[in-house]
Amino acid sequence: MDDGKSTLIGRLLFDSKKLYEDQLTALERDSKRVGNAGAGQIDYALLLDGLKAEREEGITIDVAYRYFSTNLRKFIIADTPGHEQYTRNMITGGSTANLAIILVDARTGVITQTRRHTFLVSLLGIKHIVLAVNKMDLVSFSQETFDHIKEEYLALTAQLGIEDVTCMPLSALEGDNVVEKSDRTPWYDGPSLLEFLETVPIHLDRNMADFRFPVQYVLRPNLDFRGFSGKVASGVITKGDEVVALPSMKRSRVKSIVTYDGELDEAYCPQSVTLTLEDEIDISRGEMLVKPDNLPYVGRRFQTMLVWMDEEPMDTSKYFFLKHNTNTTRASLLDIDYLVDVNTMEHKLGHPLSLNEIASVSISTARTIFFDSYTRNRATGAFILIDPITNNTSAVGMILHPIEGDADENDDIPSLDLPRLGIAPEHYDAIDRAVAELARQGLEIQVIK
């Protein structure tokens with residue numbers, strides 16, 4: 001809060017010549033009327049802070065997105081608030097980010113807010129952090145001040161297991177080291193902020209090892225074509241690869257990879273494609289195609305870090321809708337193991353959550369879902385909980401791991417022992433199709449063959 005986030009982004013857009021004439025005219029007019037940068041100065045924060053309350057108080061409340069590009073890259077910037085009461089806004093803005101810029105006022109150094117947002121960044125699995133030590137002009141561009149803040153912050157990130165941290169001294173108001181290197185920091189030999197953003201390697205952040213293809217839609221325009229459309233959540237798929245459909249465990253091979261522009265020999269995340277298979281397999285929305293030698297966790301119970309985002313406090317007796325990729329099922333909250341104090345990162349005794357609180361929670365779903373841990377695969381390790389009455393997003397979750405013994409804890413699921421019932425193996429396929437259809441309607445049946 002008040003460390004200059006919106007000012008930094010406004011300066012980045014201004015100095016990189018990414019503003020239109022009407023935006024510049026409006027910025028100059030608004031700076032004279034409601035600006036906080038001083039007489040005759042442009043208040044770059046007004047480019048981001050558009051709400052009346054934000055301009056009156058000089059703070060960021062809502063998440064503001066800005067799009068711009070350079071010759072090397074396209075960028076989407078999410079300007080998120082610093083206040084603890086807007087933690088859910090911070091989670092929303094950071095949920096899709098590749099890189100986080102943590103701003104620190106050079107006069108105050110690493111404070112509670114810095115620790116809180118760094119913890120949230122680590123929770124969201126953002127792999128790259130820039131520590132932007134802002135307002136260096138107010139400490140006479142002191143290298144000693146910068147080095148002290150850098151040392152303290154690196155100790156914090158080491159504790160959280162964050163490895164890629166870049167520290168740089170800035171003056172967002174005056175533009176030092178934002179787009180161009182500043183002569184006032186001769187002791188700093190790193191890149192400017194924009195140079196770093198243009199070159200930071202993010203292609204390795206995607207999970208290219210685990211193929212996960214949640215089916216979004218079954219495309220059947222005519223009798224001769226049956227394809228499964230969706231977005232490749234992770235991994236790579238090649239024409240001819242063997243795949244397994246979950247939950248039926250039926251196998252086939254990829255016959256073709258179809259897009260609007262024609263067929264492909266291979267597809268990878270985050271491409272949206274339609275896959276056709278060599279065999280006729282009953283697959284519907286919410287199911288998943290994976291490779292047979294690389295399966296996700298399949299189960300109904302798992303441990304998760306849950307961020308409560310609803311104004312209404314948590315009701316542990318209520319059922320929620322859990323949306324995980326294209327799959328939606330009912331879910332209940334089993335146990336709250338501990339709450340996390342976002343300011344100190346300490347674990348506290350668990351109790352039902354209120355707005356912006358974070359806790360480790362055990363969850364059970366009505367039917368099987370297919371997931372990975374969030375640290376391994378952000379695409380298949382994240383979900384949201386939806387209130388069935390208000391349809392509000394009640395919480396977002398990052399899956400930690402399946403609960404031990406989940407595969408054996410099926411006492412409440414009806415069982416169908418086919419050999420014991422004397423059902424011949426040639427009828428198993430028909431029974432599998434019927435069970436899969438019931439599962440799509442929310443009824444889980446355990447089949448024993």
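The shortest non-hydrogen separation linking Val218 to Ser284 is CG2-CA, 4.1 Å. Closest of all the heavy-atom pairs between Leu353 and Ala359 is CD2-CB, 3.5 Å. Closest approach of Tyr374 to Ala382, counting heavy atoms only: CE1-CB, 3.8 Å. Listed here is the closest heavy atom pair of Ala100 and Ile126: N-CG2, 3.7 Å. Of all non-hydrogen atoms in Pro352 and Met314, the two that sit nearest each other are CB-O, 3.7 Å. When every heavy atom of Ser252 is checked against every heavy atom of Leu277, the shortest pair comes out as OG-CB, 3.6 Å.
Around the NE2 atom of His401, the shell of radius 6.0 Å holds more than 12 heavy atoms that belong to other residues, nucleotides or ligands. Heavy atoms from other residues, nucleotides or ligands lying under 6.0 Å from CD of Glu152 number more than 12. Within a 6.0 Å sphere centred on CE of Met208, heavy atoms belonging to other residues, nucleotides or ligands number more than 12. Around atom CG of Leu349, no more than 12 heavy atoms belonging to other residues, nucleotides or ligands sit under 6.0 Å away.
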Legend entry - Intermediate values then yes/no, side chain to side chain contact (heavy atoms under 4.5 Å, CB included), Thr70 and Leu194: CA-CA 9 Å; Thr70 66; Leu194 183 59; 4.2 Å; yes

Inset, instruction - In sequence, state the C-alpha distance, the side-chain angles, and the governing distance for Thr185 and Asp176, and then conclude on side chain to side chain donor-acceptor pair (under 3.5 Å). - result: CA-CA 8 Å; Thr185 55; Asp176 295 274; over 6 Å; no

Inset, instruction - Go through the steps to decide whether Val243 and Phe213 satisfy the test side chain to side chain contact (heavy atoms under 4.5 Å, CB included), and finish with yes or no. - result: CA-CA 10 Å; Val243 293; Phe213 187 77; over 6 Å; no

Inset, instruction - Before giving the answer on side chain to side chain contact (heavy atoms under 4.5 Å, CB included), spell out for Arg73 and Val200 the whole-Å C-alpha distance, their side-chain angles and the decisive distance to 0.1 Å. - result: CA-CA 10 Å; Arg73 241 179 201 162; Val200 59; 3.5 Å; yes

Inset, instruction - Go through the steps to decide whether Asn356 and Arg88 satisfy the test side chain to side chain donor-acceptor pair (under 3.5 Å), and finish with yes or no. - result: CA-CA 6 Å; Asn356 294 318; Arg88 63 175 175 176; 4.9 Å; no

Inset, instruction - Dump the intermediate steps for side chain to side chain donor-acceptor pair (under 3.5 Å) on Ser364 and Ser332, then the final yes or no. - result: CA-CA 5 Å; Ser364 174; Ser332 58; 4.6 Å; no

Legend entry - Working for side chain to side chain contact (heavy atoms under 4.5 Å, CB included), residues Ser234 and Arg206: CA-CA 7 Å; Ser234 62; Arg206 293 196 179 106; over 6 Å; no

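The CZ atom of Arg226 sits 11.5 Å away from atom OG1 of Thr276, with the distance rounded to the nearest 0.5 Å. Considering CD1 of Ile101 and CE of Met168, their distance stands at 8.0 Å, rounded to 0.5 Å. Of the inter-residue distances, the one linking Leu170 atom CG with Ser182 atom OG reads 10.0 Å to the nearest 0.5 angstrom. Atom OG of residue Ser354 and atom CD of residue Glu311 lie 10.5 Å apart, to the nearest 0.5 angstrom. Between the CD1 atom of Ile129 and the CG atom of Leu131 there is a distance of 8.5 Å, given to the nearest 0.5 Å. Of the inter-residue distances, the one linking Glu357 atom CD with Leu355 atom CG reads 8.5 Å to the nearest 0.5 angstrom.
The shortest distance between side-chain heavy atoms of Leu154 and Thr157 falls below 4.5 Å. Looking at heavy atoms from C-beta onward, Thr199 lies out of side-chain contact with Pro191 at the 4.5 angstrom threshold. Taking the side chain as every heavy atom from C-beta outward, Asp372 and Ile399 never approach each other to under 4.5 Å. Counting heavy atoms from C-beta outward, Arg367 and Asn327 have side chains that approach closer than 4.5 Å. For the pair Ile257/Leu275, a side-chain contact is recorded, criterion being any heavy-atom separation below 4.5 Å from C-beta on. Residues Asp387 and Lys318 are in side-chain contact: their nearest non-hydrogen atoms beyond the backbone lie under 4.5 Å apart. Using a 4.5 Å heavy-atom threshold, the side chains of Thr380 and Asn207 count as separate. Residues Leu322 and Leu385 have side chains in contact (heavy-atom distance under 4.5 Å, counting atoms from C-beta outward).
A donor-acceptor pair under 3.5 Å links the side-chain atoms of Arg253 to the main chain of Gly240, judged by distance alone. No side-chain donor-acceptor contact under 3.5 Å links Lys135 to the backbone of Leu173. Formation of a donor-acceptor pair under 3.5 Å by the Gln271 side chain with backbone atoms of Tyr268 is found in this model. Distance alone, capped at 3.5 Å, places no donor-acceptor pair between the Asp335 side chain and the Ser362 backbone. When atom types are taken as modelled, the side chain of Asp279 and the backbone of Ile281 share no donor-acceptor pair closer than 3.5 angstrom. Although no hydrogens or angles enter the test, the distance criterion places no donor-acceptor pair under 3.5 Å between the side chain of Ser69 and the main chain of Lys74. Side chain of Thr326 to backbone of Val215: a donor-acceptor contact under 3.5 angstrom is found. Using a distance-only test at 3.5 Å, with no hydrogens or angles considered, no donor-acceptor pair links the side chain of Asn392 to the main chain of Asp310. Remark: side-chain polar atoms of Arg251 are not paired, donor with acceptor, to backbone N or O of Glu242 under 3.5 angstrom. At least one donor-acceptor pair closer than 3.5 Å links the side chain of Lys181 to the backbone N or O of Gly190.
Listed by first and then second residue, the ring-ring contact (aromatic ring centres under 6.0 Å, His included) pairs that reach into residues 333-359 are Tyr338-His347, sequence neighbours excluded.
With sequence neighbours left out, the salt bridge (charged side-chain N to carboxylate O under 4.0 Å, His left out) criterion links Arg376 to Asp210. Applying the salt bridge (charged side-chain N to carboxylate O under 4.0 Å, His left out) criterion to Lys239, with sequence neighbours excluded, gives Glu263, Asp265.
Ring geometry, Tyr297 versus Phe371: the interplanar angle falls from 30° to 60°, so the pair is classed tilted.
Aromatic pair Phe320/Phe383: ring centres not closer than 6.0 Å.
With 3.5 Å as the limit, one finds a donor-acceptor pair spanning the side chains of Tyr153 and Thr118.
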